[in-house]
Amino acid sequence: MLAAPVRVSEASGRGRSISRFKQRLTPYGFLTPTGVLLVILMVTPIIMVISYSLLDGVITNKNPAFVGFENYAEVLTNPVFFDAVRNTLVFTVSSVVVHFAIGLAFALMLNSPLLGDRIKGLFRVLYILPWLFTVAIVAVLWRLLLSPNGVVNYLLGAFGVTDGQTEWLASTSTALAAVTFINIWSGYPFFMISLLAGLQGIPRELYEAARVDGAGAFKQFRHVTLPQLRPIIISMALLDFIWTTQQFALIWMTTGGGPIAATEVLSTFTYKLAFTRYDFSVASAAAVLVLLMSMVLAFFYVRHQKARD
């Protein structure tokens, strides 16, 4: 008499187990298309590049030979590689620091109650314009402005600052500073917008309490504004550092890494190895080294984001 209820109970238990199993699999089903795309578009190319870096004459040779880490040794003994590393650090650190300084200054101005809404709206449009241009437009625009017969030389010559014939992008002494300036001009709105959003999210009560305690404008900025913006500043700085180290299009379309490697960075160095010398094996080794550097930066960014959460 008890057999039927027991079987019904067992069947009901199996049904619940299957239902729970399906519920656990459902999120993975939604993630599967994205996972497949990641494997095809990211994991597979990375594995291919790593394998290429261990071979000699890959792509150009029908039967490339395994050479181990010889390609890495060739990259690390190439003096141009260390020039590229130095230029990348100078270009990146200068860009990130000045991006932050300009972005914070403009964000504070746009958040100031001293300006009317119409003036703020006008300045927001003007300040965000550089970020709206594509890299190609920025490169062409500044190549024209910085040419020997361009507007910049005309104005500097008119005020007696220079002789008005400076080759800003063609001189080894000014090329790196010129492309760094262009990158700063085109990238500061990223910091400005992020910091402005952070400023508008700071509770007014904190400033009121600071004023009650006798804090002036500088102390309010130091003890209220900066601590509240610190998480945003660190996140933006890490992201900007990662993106700037991989900048290629702007430098390639303005100086091409020249003159005489004066603006050679890691991205242009790797590109030239692959598509100028057609040494895809050594280029793959250089790309793997850049990937490792980027992974270190990405690790710190993810770690910071987890600490924020």
Side-chain angles (χ1 to χ4, degrees), residues 83-84 86-112 114-116 118-196 236-237 240-241 243-265 267-268:
D83 289 339
R86 185 187 67 251
N87 292 338
T88 301
L89 287 175
V90 172
F91 177 75
T92 301
V93 173
S94 301
S95 295
V96 173
V97 171
V98 183
H99 278 165
F100 165 69
I102 296 177
L104 180 61
F106 286 167
L108 289 171
M109 189 190 75
L110 294 175
N111 194 56
S112 172
L114 300 178
L115 297 179
R118 291 185 178 180
I119 299 297
K120 287 182 181 179
L122 175 62
F123 282 143
R124 285 180 184 178
V125 172
L126 293 176
Y127 290 156
I128 204 174
L129 277 179
W131 210 25
L132 301 180
F133 297 141
T134 63
V135 177
I137 293 175
V138 171
V140 172
L141 174 65
W142 280 101
R143 283 183 64 180
L144 294 173
L145 291 174
L146 294 174
S147 68
N149 299 319
V151 175
V152 173
N153 272 325
Y154 173 78
L155 293 176
L156 293 176
F159 287 102
V161 179
T162 66
D163 60 0
Q165 293 296 317
T166 305
E167 296 275 1
W168 296 103
L169 296 173
S171 172
T172 55
S173 60
T174 59
L176 184 59
V179 294
T180 303
F181 173 82
I182 297 171
N183 187 66
I184 291 170
W185 177 84
S186 62
Y188 78 82
F190 170 67
F191 264 91
M192 184 189 72
I193 294 172
S194 302
L195 293 174
L196 179 60
M236 295 302 101
D240 195 26
F241 200 94
W243 292 340
T244 308
T245 55
Q246 300 175 15
Q247 179 65 266
F248 169 78
L250 178 65
I251 295 175
W252 188 255
M253 288 188 286
T254 51
T255 63
I260 318 176
T263 60
E264 194 81 272
V265 293
S267 56
T268 58

Review point. Does CG belonging to Leu132 count more than 12 external heavy atoms closer than 6.0 Å?
Key: yes
Check your understanding: Judged by atom type as modelled, is there a donor-acceptor pair below 3.5 Å linking the side chain of Asn111 to the main-chain atoms of Leu196?
Key -> no
**Study point:** side-chain hydrogen bond (donor to acceptor under 3.5 Å, both in side chains) pairs, two or more places apart, involving residues 183-195
**Key:** Ser95-Asn183, Asn183-Gln247
**Study point:** Side-chain donor/acceptor of Ser147 to backbone N/O of Leu144, under 3.5 Å
**Key:** yes
Check your understanding: How would you list all residue pairs meeting side-chain hydrogen bond (donor to acceptor under 3.5 Å, both in side chains) that involve residues 153-169, not counting sequence neighbours?
Key -> Asn153-Trp168
Check your understanding: What pairs with Val151 under side-chain contact (heavy atoms from CB on, under 4.5 Å), at least two apart in sequence or on another chain?
Key -> Leu145, Leu155
Revision key, fill the gap. Hits for side-chain contact (heavy atoms from CB on, under 4.5 Å) against Ile119, two or more places apart or cross-chain, chain-then-number order -> Leu115, Phe123
Point to revise | Closest approach of Thr254 to Leu169 (non-hydrogen atoms, all atoms of both residues) | key: O-CD1, 4.3 Å
Check your understanding: By side-chain contact (heavy atoms from CB on, under 4.5 Å), which residues pair with Asp83, not counting sequence neighbours?
Key -> Arg86
Check your understanding: If only atom types and distance count, is the side chain of Lys120 paired as donor or acceptor with the main-chain N or O of Ser112 below 3.5 Å?
Key -> yes
Check your understanding: Which value, rounded to the nearest 0.5 Å, describes the distance between Thr134 atom OG1 and Leu141 atom CG?
Key -> 10.5 Å
Practice item. Answer yes or no: is there a donor N or O on one side and an acceptor on the other, between the side chain of Ser94 and the main chain of Val90, under 3.5 Å? Key: yes
Review point. Which atom names give the shortest non-hydrogen contact between Met253 and Ala139, and what distance separates them?
Key: CB-CB, 3.7 Å
Review point. Which atom names give the shortest non-hydrogen contact between Ala170 and Pro259, and what distance separates them?
Key: O-CG, 3.4 Å
Check your understanding: Which of parallel (below 30°), tilted (30 to 60°) and perpendicular (above 60°) describes Trp131 and Phe190?
Key -> tilted
Practice item. Would you kindly say whether Thr255 and Thr263 are connected by a side-chain donor-acceptor distance under 3.5 Å? Key: yes
Point to revise | Within 6.0 Å of CZ in Arg124, more than 12 heavy atoms from elsewhere | key: yes
Review point. Taking only residues two or more places apart in sequence, or in another chain, which ones meet Trp142 in a side-chain hydrogen bond (donor to acceptor under 3.5 Å, both in side chains)?
Key: none
Point to revise | Side chain proximity check, Phe181 to Val98, heavy atoms < 4.5 angstrom | key: no
Check your understanding: Got Phe191 and Leu104 here, is their nearest side-chain heavy-atom distance under 4.5 Å?
Key -> no
Review point. Considering only heavy atoms from C-beta outward, does the side chain of Ile182 approach that of Val138 to under 4.5 Å?
Key: yes
Study note, to complete from the structure: For Ile128 and Met192 the tightest heavy-atom approach is N-CE, 4.3 Å
